Amino acid sequence: MKIENNIDTFNSLIKRRGFIWGPSPEVYGGFAGFYSYGPAGMALKNNILDLFRRECRYFGFGEVECPTIMPSIVWEASGHLERFIDPVMRCNKCTTLYRADKFFQENLPDIVIEGLSSKEMETLIKKHNLFCPKCGTPFEKIEEYNLMLKTSVGNNVTAYLRPETATTTYLLFNRLDQDARRQYPIKIFQYGKAYRNEISPRQGVLRMRAFDQFELQLFISKQQEMEFEDYDEIKNKKLPLLCWKLQEEGVNKPDLISLDEALKNKIIKKPAYAYCLYIGYYLTEILGIPQELIRLRQHSINERAHYADDAWDLEIETRQFGWVEICGIHDRTDYDLRRHAEFSKQNFEVSMGSDPNLKEIPQVLEIAFGIDRIIYVLLETTFNVEEGRINLKLKPNLAPNVVAVFPLVRNKENIRNLALKVHRNLLENRIGSFYDTAGSIGKRYRRQDELGTKWCITIDYESLDDNTVTIRERDSMDQTRVNISDLSEIIKMKQEE
RNA sequence: GCGCGAUUAGUCUAGUGGUCAGGAUCUCGGCCUUCCAAGCCGAUGACCCGGGUUCAAUUCCCGGAUCGCGCACCA
């Protein structure tokens with residue numbers, strides 16, 4: 001295929017080089033909404049996760065992992081059973097599907113729809129003789145479209161695959177309270193699969209039916225939200241904020257303002273929430289996504305999830321899909337813990353300050369990343385074509401290979417042997433090295449450029465005489481000569497930079 | 001889920017109711033090669049799935065899957 005700086009070249013690259021494949025299973029024609037990662041994509045994903053886990057430890061978050069399947073009562077309590085099931089009407093003749101509540105709203109504007117049961121809606125259909133606008137067939141029944149994937153466990157017990165990891169983290173609350181010795185705020189994250197039965201998944205890995213979430217949770221008191229201990233450290237950080245008001249005025253460029261300013265202007269209500277916005281932004285920035293492609297966009301009241309008091313999306317501007325949400329930051333209040341306390345008949349009121357008699361249900365602040373979306377936007381934003389050369393400008397530590405080692409020519413045994421020795425030595429030092437002898441040296445450089453490998457090490461004739469090798473840098477293509485004995489140390493140092 | 005269009009090697013594509021489905025690139029093997037997709041020789045590899053029409057279907061028809069666009073949907 002012709003190498004051009006366009007989206008077709010990019011889309012072919014991520015398949016060709018083993019980043020993302022699908023829809024899976026491809027040999028059976030594919031199943032919409034399900035994708036696989038090849039070796040390069042998985043290496044990239046693991047590097048992102050390593051980085052995120054390291055940074056979460058730095059911010060004081062502990063990690064948990066919960067089951068992906070939970071019984072119905074959990075989702076009743078969380079509100080997902082109610083909110084994730086949409087009432088729909090299906091035309092018996094042309095099988096077109098309509099959202100019942102929306103259809104009523106448009107066609108019967110005088111009637112209050114909210115809270116109506118399926119039976120009541122069916123009565124409305126008959127009373128007003130509602131029919132399919134496409135073919136004129138009268139509607140009959142209200143059906144349910146469930147955005148959660150239903151399954152049955154054991155002896156026909158209904159259960160659901162989790163539509164988010166967050167809820168499963170909240171269910172550990174009383175354990176976490178003990179585990180953290182009641183030192184609030186409690187900071188916990190969970191990484192894992194979540195499932196949503198999208199009606200029509202599109203846009204590749206951006207809207208999958210099985211996807212990875214990486215969600216950070218803060219359990220915190222109301223007082224701590226307003227007097228947050230770490231706020232001072234981050235209050236002068238400037239973030240690209242696009243608040244709801246600006247959006248209403250038709251603005252879509254964010255304001256780069258400090259969190260303190262945002263708080264003073266009442267764009268943000270709570271210092272602890274501001275801290276969450278910062279963590280979301282920080283974790284995005286260290287992936288190497290250019291600042292000008294990042295914005296934090298506040299949800300309007302209508303856009304917010306059922307549990308949210310305030311919500312901002314962290315979005316990345318892409319060529320192929322416009323602004324893409326990679327992270328949602330939600331003020332979930334005490335909604336979840338209150339509901340789970342109620343449904344499980346547990347007492348989740350705890351003392352979080354110095355007065356042991358002052359008890360309340362903790363507030364929850366959430367930072368929820370979609371890992372697959374991160375992988376997509378990272379690949380797309382680092383993709384470059386420079387004079388016919390594909391260059392994936394990933395940060396060195398995220399690239400599938402840290403270095404690649406080549407003999408300058410293949411048909412000289414002594415050069416080949418030395419190259420292999422250098423490669424093995426790097427591996428001994430646990431540096432991710434890839435060895436390649438096929439084709440010309442230029443071709444091998446290009447192959448690595450496509451994977452984002454930052455440094456290529458070449459063993460040439462000079463190496464045989466003085467034990468030096470060249471390190472070729474990906475973006476500049478400049479080469480420096482170093483001693484083989486120093487190589488591992490130098491690469492490790494470069495990685496730290 | 002609806003409407004329109006599409007689906008041919010790993011990738012990008014040409015083409016056909018009937019001989020071996022063509023090209024580019026990639027990949028692999030060999031030769032050559034003292035640093036950025038060089039050259040030469042050789043090789044592997046594809047008509048989305050199911051049904052129908054037909055002596056014969058990758059090609060035409062129907063259904064399904066998937067993708068793209070629009071509508072709807074998107075906690």
Side-chain angles (χ1 to χ4, degrees), chain A residues 1-4 8-9 11-18 21-34 38 75 78-86 88-91 93-99 102-103 132-135 143 145-148 162-164 166-167 194 196-204 206-209 299 303-308 311 320 325 328 330 332 368 386-391 406-412 415 438-450 456-464 469-472 474 476-479 481:
Chain A
M1 124 162 242
K2 236 183 170 173
I3 294 172
E4 283 169 30
D8 291 336
T9 306
N11 287 334
S12 138
L13 175 79
I14 61 175
K15 275 188 274 187
R16 233 170 7 91
R17 297 315 309 264
W21 290 323
S24 301
E26 288 186 280
V27 293
Y28 286 107
F31 200 23
F34 298 95
W75 310 112
S78 72
H80 286 93
L81 254 182
E82 189 183 337
R83 304 286 178 146
F84 261 55
I85 294 180
D86 295 327
V88 294
M89 299 183 292
R90 191 187 301 274
C91 172
K93 197 174 165 197
C94 68
T95 70
T96 307
L97 205 66
Y98 297 89
R99 260 291 284 275
K102 299 228 163 159
F103 190 87
C132 175
K134 218 166 244 176
C135 66
E143 298 173 39
Y145 189 91
N146 191 347
L147 257 65
M148 283 197 290
R162 62 182 180 190
E164 60 165 16
T167 286
R196 283 175 204 180
N197 196 11
E198 299 284 354
I199 293 174
S200 64
R202 280 191 193 177
Q203 308 183 317
L206 296 189
R207 248 176 95 196
M208 289 200 284
R209 284 174 166 147
H299 280 199
E303 211 177 337
R304 275 182 214 158
H306 58 278
Y307 46 68
Q320 192 158 218
E325 175 197 349
H330 302 115
R332 296 178 73 137
E386 298 159 353
E387 293 171 25
R389 176 174 80 109
I390 293 176
N391 186 6
F406 312 135
L408 179 61
V409 292
R410 173 151 72 156
N411 61 352
K412 298 287 179 289
I415 291 185
S440 70
I441 187 73
K443 180 167 273 187
R444 286 177 245 152
Y445 285 143
R446 298 298 169 96
R447 280 196 200 113
Q448 293 307 310
D449 293 340
E450 288 188 337
C456 289
I457 293 152
T458 300
I459 287 75
D460 57 14
Y461 290 87
E462 220 177 312
S463 311
L464 297 173
V469 295
T470 60
I471 302 178
R472 177 256 198 193
R474 183 191 65 204
S476 64
M477 298 192 278
D478 287 343
Q479 288 176 288
R481 191 165 276 278

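Just so it is clear, the model here is predicted, and its values are computed rather than measured. We use all heavy atoms of the structure for the numbers below, so side chains are in, but hydrogens, waters and symmetry mates are not.
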Does any N or O donor sit under 3.5 Å from an N or O acceptor when you compare the side chain of [X] with the base of [N]?
X: A:Thr470; N: B:C35; value: yes
X: A:Gln479; N: B:C35; value: yes
X: A:Arg389; N: B:C36; value: no
X: A:Arg207; N: B:C73; value: yes
X: A:Asn411; N: B:C32; value: no

Nearest-Å distance once atom [atom1] is located in both [N] and [M]:
N: B:G42; M: B:C69; atom1: P; value: 44 Å
N: B:C47; M: B:U59; atom1: C1'; value: 9 Å
N: B:G51; M: B:A9; atom1: C1'; value: 27 Å
N: B:C48; M: B:A6; atom1: C1'; value: 12 Å
N: B:G68; M: B:C60; atom1: C1'; value: 24 Å
N: B:U53; M: B:U27; atom1: C1'; value: 41 Å
N: B:A14; M: B:C32; atom1: P; value: 40 Å
N: B:G64; M: B:C28; atom1: C1'; value: 37 Å

**OP:** Sequence neighbours left out, what passes salt bridge (charged side-chain N to carboxylate O under 4.0 Å, His left out) with A:Arg474? Give chain and number order.
**Re:**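 In terms of salt bridge (charged side-chain N to carboxylate O under 4.0 Å, His left out), with neighbours along the sequence ignored, A:Arg474 is linked to no residue.
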Original post:
Any side-chain N or O of A:Tyr461 under 4.0 Å from OP1/OP2 of B:U34?
Top reply: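 Checking B:U34 against A:Tyr461, a side-chain N or O does come within under 4.0 Å of OP1 or OP2.
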**OP:** Check whether any side-chain N or O of A:Ser440 sits under 4.0 Å from OP1 or OP2 of B:A38, and answer yes or no.
**Re:**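 So the side chain of A:Ser440 is within the cut-off, an N or O lying under 4.0 Å from OP1 or OP2 of B:A38.
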Could you work out which one of [options] sits closest to the side chain of [X]?
X: A:Arg446; options: B:C35, B:G70, B:C36; answer: B:C36
X: A:Val409; options: B:C35, B:U34, B:U66; answer: B:U34
X: A:Lys412; options: B:U33, B:C12, B:A72; answer: B:U33
X: A:Ile3; options: B:G70, B:C35, B:A37; answer: B:A37
X: A:Ser200; options: B:U11, B:C2, B:C73; answer: B:C73

Categorize [X] for me: base, sugar-phosphate, or nothing, with a 4.0 angstrom heavy-atom threshold over every strand shown.
X: A:Glu450; answer: base
X: A:Gly79; answer: nothing
X: A:Pro23; answer: sugar-phosphate

Could you write out each protein N or O paired with an N or O of nucleotides 25-29 of chain B at a distance under 3.5 Å?
from  : atom 1 : to       : atom 2 : distance (Å)
B:C26 : OP1    : A:Lys443 : NZ     : 3.3
B:U27 : OP1    : A:Arg447 : NE     : 2.7
B:U27 : OP1    : A:Arg447 : NH2    : 2.9

Subject >> Side chain proximity check, A:Ile457 to A:Thr470, heavy atoms < 4.5 angstrom >> reply: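 A side-chain contact under 4.5 Å is absent here.
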Subject >> Side-chain heavy-atom pair A:Glu82, A:Trp75 within 4.5 angstrom cut-off >> reply: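 No. Closest side-chain heavy atoms not under 4.5 Å.
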**OP:** Flag yes if more than 12 heavy atoms outside A:Phe31 fall under 6.0 Å of its CZ atom; otherwise flag no.
**Re:**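 At most 12 heavy atoms, drawn from other residues, nucleotides or ligands, come within 6.0 Å of this atom.
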Taking [X] first and then [Y], would you say they form a salt bridge - that is, a charged N and a carboxylate O separated by under 4.0 Å?
X: A:Glu164; Y: A:Arg332; answer: yes
X: A:Arg472; Y: A:Asp478; answer: no
X: A:Asp460; Y: A:Lys412; answer: no

**OP:** Give a yes-or-no answer on whether the side chains of A:Asn391 and A:Glu450 include a donor-acceptor pair shorter than 3.5 Å.
**Re:**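 Their side chains do not contain a donor-acceptor pair, so the 3.5 Å distance test is not met.
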Output one line per pair: protein atom, nucleotide atom from nucleotides 40-48 of chain B, and distance, for all N/O pairs under 3.5 Å.
none

**OP:** Please determine, for B:C26, whether a Watson-Crick or G-U wobble partner exists with both distances under 3.5 Å, and give it or none.
**Re:**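 No nucleotide pairs with B:C26.
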**OP:** Find the partner of B:G3: check Watson-Crick (N1-N3 plus N6-O4 or O6-N4) and G-U wobble (N1-O2, O6-N3) distances, both under 3.5 Å, and reply none if neither fits.
**Re:**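 Result: B:C69.
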Original post:
Can you say whether the rings of A:Phe84 and A:His80 are parallel (under 30°), tilted (30 to 60°) or perpendicular (over 60°)?
Top reply: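 The rings of A:Phe84 and A:His80 stand perpendicular, inter-plane angle above 60°.
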